[in-house]
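Right, one structure below, let's go through it.
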Amino acid sequence: MTDSVRVRFAPSPTGALHIGGVRTALYNYLFARKMGGKFLLRIEDTDQARFVPGAEQYILDSLAWLGISPDEGVGVGGPHEPYRQSERKDLYKAYADQLLADGKAYYAFDTSEELDAMRASFESQGSAFQYNSLTRVKLKNSIALAPAEVEQLIASGTPYVIRLKVPAKGEVRFQDSIRDWVHVHTSSIDDKVLMKSDGMPTYHLANVVDDHIMEITHVIRGEEWLPSAPLHILLYQAFGWKAPQFAHLPLLLKPEGNGKLSKRDADLGGFPVFPMEWTDPATGAVSKGFKQEGYLKEATLNFLAFLGWNPGTEQEMFSLTELAEAFSLERINKAGAKFDVKKAQWFNEQYLKLQDPAALAKEYLPSLPADQGLSFVSLFLDRITFPQELADKVAEFKARPSVYEEAVLASKWNADAATGLQFIAQALPSVDSWEPEGIKHAIHEVLEANGIKMGKVMQILRVALSGNGAGPDLMISMQLWGKQEVIERLSAALAKFPTV
RNA sequence: GGUCCGUUCGUCUAGGGGUUAGGACACGUCCCUUUCACGGAUGAAACACGGGUUCGAUUCCCGUACGGACUACCA
């Protein structure tokens, strides 16, 4: 069982789950499915200061919406409970103590203020402060201080952190699934804090300990973690554990300009960067969500999957199951991907056409009789990007025109059109079968009888009835408006159109 | 500043020592449609730069430039 793939998505409940995080979750999920492994959800809530109420539920809801369902973890349970790091607090202390006992970690008593001052002074000299083999001997810690003094400080309740004693010399290397070999000298890694003074572990310790305990085989996470991967390798080594296989995903970038995609871009660009709508509990600020904007889950998934990965074939449309089948770590790109809303919209249009029309009608046109709803769905489905546009289209369709498109009038309104419209207006009341073919037949007949070409009047008729020069099939539209309504609209238009 | 990572059409990307450098989005044109949209066809559009290696580099190596991430008792 230890051979089988186990991956995890480990977000922090510090706010709405970013869409990049959703992609990370998706790739983990796909890899687990592909390999016949397990996908776990672990909540990394070790930073009490940044904890945001509701964020955890938001993560759960978002994954549930998209069908990225964990096999183990918060919300589903499993053999390694609890899956919330705040509830595993005591565990980490024991591991930190083990490192302390082995001389691989040490106590440090420096206050944040002291360290800030240190950084400032280094910076003023044009260099960067590092807590490492060079500086630790001069700072307040159990390496520089006499054992008796350390004991006294601890006994007196002086706050302390536990830091990893990074070797002065050596090279850390690991083979990333996406980037191949990455090597870093230990001299560029500092003695990172493992246990904070509040007794909570930092990400680095908790993450490594949990990944080991939970038998994680592959760590698939964002590129922002690449710089700390060597530190994590060092931690695995310090514990004498086998490190998992790492795969660092390329970042999601801003649509325009440089930098990684942020909440600001969403506000500026009018598109979502969160899976679902999110209301900040502190400020009340609402952020758009893919779901609420009208993106279908299939489109969201397909779009996200293709941001940094591709199947190597020319197939574009993939269901979640198909993605899982085609997925592989090897086909993930190295370079960051710019977020292009247009592509997301295209996917949405494609998947929208694949939806069950009756279900769409029921959900988005609930006030209409089923058959009517269905007619409107088929009339408008290929002219919209988001399903909620259906209601707008129907409302617009039902409203009588208040203005008539000037450009069409200017070019098409002439004597032929005027008389044509008159004839149509006269013929319509006696049309018995008010359906597309019948209406068309009647119009065709009356125009032909009077020697007027249909092309001369059809667009004008459209403008007269809808106000617009373009739109869905006119005969079907007329059927939907109903005979009486059409007659009234036509006479209203005739009264308003200028004389020719 | 330091460390690390990256760079093929505007965007997402395929490819990989010898190719007309392929696809998708977006854009243009045409067809379909008595309109528009959908759909179909088609066009324009890319290997960052400089050195190597090689008979031959977009592909391999090294630099440069540019971009990015990280550089917290945040994850």
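The analysis underlying the following values was restricted to heavy atoms, covering all of them including side chains, and did not include hydrogens, waters or symmetry mates. Note on naming: letters A, B, ... go to the chains in the order of the sequence lines (proteins, then strands), and numbering restarts at 1 for each one. Predicted model, so just to flag it, every value in this text is computed and none were measured.
A straight line from CD1 of Ile332(A) to C1' of U13(B) spans 14 Å, rounded to a whole angstrom. Between the C1' atom of U13(B) and the CZ atom of Phe318(A) lies a distance of 13 Å, rounded to the nearest Å. The NZ atom of Lys254(A) sits 18 Å away from the C1' atom of G10(B) (whole-angstrom rounding). C12(B) atom C1' lies 13 Å from atom CG of Leu304(A), rounded to whole Å. For the pair Arg221(A) CZ and C4(B) P, the interatomic distance rounds to 18 Å; values are reported in whole Å. Rounded to whole Å, atom P of C12(B) lies 10 Å from atom CZ of Phe303(A). Between Met317(A) atom CE and A24(B) atom P there is a gap of 14 Å when expressed in whole angstrom units. For Leu352(A) and A37(B), the CG to P distance is 18 Å, given to the nearest whole Å.
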What is the per-nucleotide protein-contact pattern of nucleotides 70-75 of chain B, from the 5' end, where B denotes a base atom under 4.0 Å from a protein heavy atom, S denotes such proximity for sugar-phosphate atoms only, and - denotes neither? S-SBBB
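Taking only side-chain atoms of Glu223(A), from C-beta outward, the nucleotide of U35(B), G22(B), C5(B) with the closest atom is C5(B). Closest to the side chain of Lys338(A), out of C12(B), A14(B), C4(B), is C12(B). Of the candidate nucleotides C25(B), C5(B), G15(B), C25(B) has the atom lying nearest to any side-chain atom of Trp346(A). Checked against C25(B), U35(B), C5(B), the side chain of Val182(A) finds its nearest nucleotide in C5(B). Listed candidates were C4(B), G15(B), U7(B). Nearest to the side chain of Val184(A) is C4(B). Distance from the side chain of Glu316(A) is smallest for G23(B) among the nucleotides U3(B), U35(B), G23(B). Nearest nucleotide to the side chain of Asp382(A), out of G68(B), C12(B), C38(B): C38(B).
The P atoms of U7(B) and U13(B) are separated by 11 Å, rounded to the nearest whole Å. Look at the C1' atom in both G51(B) and G28(B): the space between them is 40 Å, to the nearest Å. Look at the C1' atom in both G52(B) and U19(B): the space between them is 24 Å, to the nearest Å. Distance noted for atom P between G23(B) and A44(B): 12 Å (whole Å). Rounded to a whole angstrom, the distance from the C1' atom of A48(B) to that of U8(B) is 10 Å. A37(B) and C5(B) are spaced 44 Å apart, taking the C1' atom of each and rounding to whole Å. When the P atom is compared between U58(B) and C47(B), the two are found 10 Å apart, to the nearest whole Å. Annotation: A21(B) and U3(B) have their P atoms spaced 40 Å apart (nearest Å).
Rounding to the nearest 0.5 Å gives a distance of 5.0 Å between CZ of Phe303(A) and CG of Leu307(A). Atom-to-atom distance recorded for Glu113(A):CD and Leu115(A):CG is 9.0 Å, nearest 0.5 angstrom.
Residue Lys353(A) is classed as a sugar-phosphate contact, given heavy-atom separations below 4.0 Å to backbone atoms only. At a threshold of 4.0 angstrom between heavy atoms, the contacts of Gly308(A) are confined to the sugar-phosphate backbone, with no base atom among them. Looking at heavy-atom distances under 4.0 Å, Gln48(A) makes no contact with the nucleic acid at all. Looking at heavy-atom distances under 4.0 Å, Arg331(A) makes contact with sugar-phosphate atoms alone, never a base. Residue His248(A) is classed as having no contact, given no heavy-atom separation below 4.0 Å to the nucleic acid.
Side-chain contact, Arg179(A) with His248(A): no donor N or O sits under 3.5 Å from an acceptor N or O. Side chains of Glu44(A) and Gln85(A): a donor on one and an acceptor on the other come within 3.5 Å. Side-chain N/O atoms of Arg8(A) and Asn28(A) include no donor and acceptor closer than 3.5 Å.
Counted within 6.0 Å of CD on Gln315(A), heavy atoms from surrounding residues, nucleotides or ligands total more than 12; the atom is thus considered enclosed.
For U35(B), there is no paired base (Watson-Crick or G-U wobble, both distances below 3.5 Å). Base pairing of A44(B): no nucleotide in any strand meets the Watson-Crick or G-U wobble criterion (both distances under 3.5 Å). If you check A24(B) for Watson-Crick or wobble pairing at under 3.5 angstrom, you find it paired to U11(B). Pairing for G50(B) is with C62(B), a Watson-Crick or G-U wobble pair whose two hydrogen-bonding atom distances lie under 3.5 Å. The pairing partner recorded for U19(B) is none, the criterion being a Watson-Crick or G-U wobble arrangement whose two distances lie under 3.5 angstrom. Across the strands present, U3(B) finds its partner in A69(B); the criterion is a Watson-Crick or G-U wobble pair with both atom distances under 3.5 angstrom.
Within residues 167-179 of chain A, the residues that have a heavy atom under 4.0 Å from RNA chain B are, in order of number, Arg179(A).
Ring centers of Trp181(A) and Phe174(A): at least 6.0 Å apart, outside the cut-off. A centroid separation of 6.0 Å or more is found between the aromatic rings of Phe274(A) and Tyr58(A).
For Asn333(A), a side-chain nitrogen or oxygen approaches OP1 or OP2 of A14(B) to under 4.0 Å.
Relative orientation of the Phe306(A) and Phe318(A) rings is tilted, given thresholds of 30° and 60° on the angle between their planes. Below 30°, between 30° and 60°, or above 60°: for Tyr203(A) and His232(A) the angle between ring planes is between 30° and 60°, a tilted geometry. Between Tyr27(A) and Phe327(A), the angle of the ring planes lies from 30° to 60°, which puts this pair in the tilted group. Between Phe129(A) and Tyr131(A), the ring planes are perpendicular. Angles over 60° get that label, and only those under 30° would be called parallel.
Under the rule for a side chain to side chain donor-acceptor pair (under 3.5 Å), Ser12(A) has no partner lying at least two apart in sequence or in another chain.
Both His183(A) and Gly471(A) lie near RNA chain B, and the one whose nearest nucleotide falls closer to the 5' end is His183(A). In this structure, Glu349(A) and Lys456(A) both approach RNA chain B, and ranking their closest nucleotides by distance from the 5' end singles out Glu349(A).
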